[in-house]
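Chain naming here is simple, since letters A, B, ... match the order of the sequence lines and numbering starts at 1 in each. This structure is a prediction, so every number in the text was calculated from the model and none was measured.
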Amino acid sequence: MPIFALVDCNAFYVSCERVFNPRLTGVPTVVLTNNDGCVIARSDEAKALGFKMAEPVFKVRELIKKHNVQVYSSNYPLYADMSQRAVAVLSQFTPQLEIYSIDESFLSLDGFRHLDLTTYGHEIRNRVLQWTGLPVCVGIGTSKTLAKLANKFAKKRKQFDGVCDLGALSPATLNTMLEDTALGDIWGIGRQLAPRLEALGIHNARELRDTPPKRMREHFGVVLERMVYELRGISCLALEEVTPARKEIVVSRSFGKATTDKGGLLEAATHYASRAAEKLRRQHSVTQLVGVFLHTSLFNTRDPQYSASTTVSLAHPTDDTREIITAAQRGLESLYRSGYRYAKTGVMLLDLQDAANLQTAFWNPSRPRTKTTNLMNTIDKINTQMGRNTVASGAAGRKQAWRMRRQWLSPAYTTRWSDIPVVNAT
DNA sequence: TCTGGGGTCCTAGGACCC
DNA sequence: TCTGGGGTCCTAGGACCC
């Protein structure tokens, strides 16, 4: 039987801010989504004050003011860099690791059965904290689903002190803990599934575990069937060490302020198209189908609503920013209707293929591949070294009135020379 | 006034084929 | 008047994740 550990960083974005701003320690702090729209990370103090996950900021203005809560805009370059550092530490504890998200990794502990895994978990926890400044919790179990659950116990129940190995618990204790676990706390059960399970008389994790898998398959399909096995400790979901190439790439943003202006929309689409093309090249893929969508605000019900999407096929597979921009602009032109206040647009790259596997005959004969590749590589290199958008399409605009709000952005402490913190020793 | 962004997997149903 | 069965591929939509 495999053994998995899930290592998850506590309030990751808030913790990243705290590493470089220790003044925030013990102070209620929240981090917001892009556009400063919703709360996505909360310190323990903020949770205690009643801040909810994904709550819109305008609903909690008073609460922020009343308790002098510290507010930060999302600083993704900082979080991505801190995430890499944490993974580098975790890699010292296992040869097999899956980066599951920016703040979570699955570790295979198959080769460490001879150790006391709870102790090992504490070593992981201590070293990540000491070397990166990030507090993490560790959950250990014989399936990914159980490791996720164990992590939740490690986080919520003080007696575990941040590390919970389900294998170290007696069956009776585990049963009680599963009975106390709401369906929604299980990995893979969301808002829709929970009430449907309740209707079948299944109310907690233990009852789901003890349901015949076949029954779940009949009612919900293979996903829930697998979940029952996973809860029984029979692993169905393997560790994925190499991140597979993305099957689609999406770049989309809500606007800082709704716009009626076609020019602004085209600028935004151009900007998103070039960001998407960068991502495409980074994973060495090519696209032959570019999707575009735009819509008005889902929340402003007084304004007339409009939502549309389309795809534009390309004659040849490509990773050329210029071709992708042209396609995105054409798509947007065809969708645009005047008289609406648009809140969001996005560009998708679909039908992705591995560039290396493509036969030369499929490339655009009017654009020699080597020339395109050299140009794109050069642009990517410049933008990596000199900062994003050092070289960019003029059609993305200079004013960028549509760009997102980030009112409370912290410095790029680890990724921009001018922002590196200065330490004074006296 | 103000509500994120980027993904995956699965299923059902239609088109089409032999 | 009668009108199979099985397979694949594609797409849209639902549900979930962080």
### Query
Quantified in whole Å, what is the C1' atom distance between nucleotide B:dG4 and nucleotide C:dC17?
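Per the computed distance, 14 Å lies between those C1' atoms.
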Please name the pair of heavy atoms, one in [X] and one in [Y], separated by the smallest distance, quoted to 0.1 Å.
X	Y	answer
A:Gln92	A:Arg127	OE1-NH1, 2.8 Å
A:Leu280	A:Thr318	CD2-O, 3.6 Å
A:Leu208	A:Ile189	CD2-CD1, 3.7 Å

Distance in angstrom units between [X] [atom1] and [N] [atom2], rounded:
X	N	atom1	atom2	result
A:Leu237	C:dC16	CG	C1'	13 Å
A:Lys148	C:dC17	NZ	C1'	8 Å
A:Asp8	C:dC17	CG	P	14 Å
A:Phe220	C:dA15	CZ	C1'	12 Å
A:Lys152	C:dC17	NZ	C1'	11 Å
A:Ile99	C:dC17	CD1	C1'	17 Å
A:Asp103	C:dC17	CG	P	14 Å
A:His219	C:dA15	NE2	P	16 Å

### Query
In this structure, are over 12 heavy atoms from other groups packed under 6.0 Å from A:Arg157 atom CZ?
yes
### Task
Between A:Gly221 and A:Arg302, name the one whose nearest nucleotide on DNA chain B is closer to the 5' end.
A:Arg302
#### Entry: Ion pair A:Lys65/A:Glu62, N-O distance below 4.0 Å
no
### Message
One thing to verify: whether A:Glu104 and A:Lys148 come together as a salt bridge, which I'm taking to mean a side-chain N less than 4.0 angstrom from a carboxylate O.
### Response
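Yes, this pair counts.
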### Task
Applying side chain to side chain donor-acceptor pair (under 3.5 Å), name anything that partners A:Glu333, two or more places apart in sequence or on another chain.
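Residues passing side chain to side chain donor-acceptor pair (under 3.5 Å) with A:Glu333: A:Lys262.
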Every protein N/O within reach of nucleotides 2-9 of chain B N/O, cut-off under 3.5 Å:
unit_1, atom_1, unit_2, atom_2, d
B:dG4, O4', A:Thr33, OG1, 3.2
B:dG5, OP1, A:Ser254, N, 2.3
B:dG5, OP2, A:Ser254, N, 3.2
B:dG5, OP2, A:Ser254, OG, 2.8
B:dG5, OP2, A:Lys344, NZ, 3.2
B:dG5, O3', A:Ser252, O, 3.3
B:dG5, O3', A:Arg253, NH1, 3.3
B:dG6, OP1, A:Ser252, N, 3.4
B:dG6, OP1, A:Arg253, NH1, 2.8
B:dG6, OP2, A:Ser252, N, 2.4
B:dG6, OP2, A:Ser252, O, 2.7
B:dG6, OP2, A:Ser252, OG, 2.8
B:dG6, O5', A:Val250, O, 3.3
B:dG7, OP2, A:Val250, N, 2.5
B:dG7, OP2, A:Val250, O, 3.3
B:dT8, OP1, A:Lys247, N, 3.1
B:dC9, OP2, A:Lys247, NZ, 2.8

### Query
Would you find a donor on one side and an acceptor on the other, under 3.5 Å apart, between the side chain of A:Thr29 and the backbone of A:Gln70?
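No: the side chain of A:Thr29 does not pair with the backbone of A:Gln70.
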### Query
Distance-only, no hydrogens or angles: does the A:Thr321 side chain make a donor-acceptor pair with backbone N or O of A:Ser274 under 3.5 Å?
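Not a single qualifying donor-acceptor pair exists.
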### Task
Mind listing the residues from residues 187-206 of chain A sitting with a heavy atom below 4.0 Å of DNA chain C? Number order is fine.
A:Trp187, A:Gly188, A:Ile189, A:Gly190, A:Arg191, A:Gln192, A:Leu193
### Task
Quick one: label A:Ile186 by what it contacts on the DNA or RNA (base, sugar-phosphate, nothing), any heavy atom closer than 4.0 Å.
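Sugar-phosphate only.
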### Task
Give DNA chain B the dot-bracket treatment, 5' to 3': Watson-Crick (N1-N3 with N6-O4 or O6-N4) or G-U (N1-O2, O6-N3) under 3.5 Å, [ ] crossing, | other strand.
....||||||||||||||
Side-chain donor-acceptor pairs of residues 228-245 of chain A under 3.5 Å, sequence neighbours excluded:
unit_1, atom_1, unit_2, atom_2, d
A:Glu230, OE1, A:Thr145, N, 2.9
A:Glu230, OE1, A:Thr145, OG1, 2.5
A:Glu230, OE2, A:Cys236, N, 2.7
A:Glu230, OE2, A:Leu237, N, 3.0
A:Arg232, NE, A:Arg209, O, 2.8
A:Arg232, NH2, A:Arg209, O, 3.2
A:Arg232, NH2, A:Thr211, O, 2.9

### Message
Taking ring-ring contact (aromatic ring centres under 6.0 Å, His included) as the definition, give me every residue that meets it alongside A:Phe112, ordered by chain and number, with sequence neighbours left out.
### Response
A:Tyr120
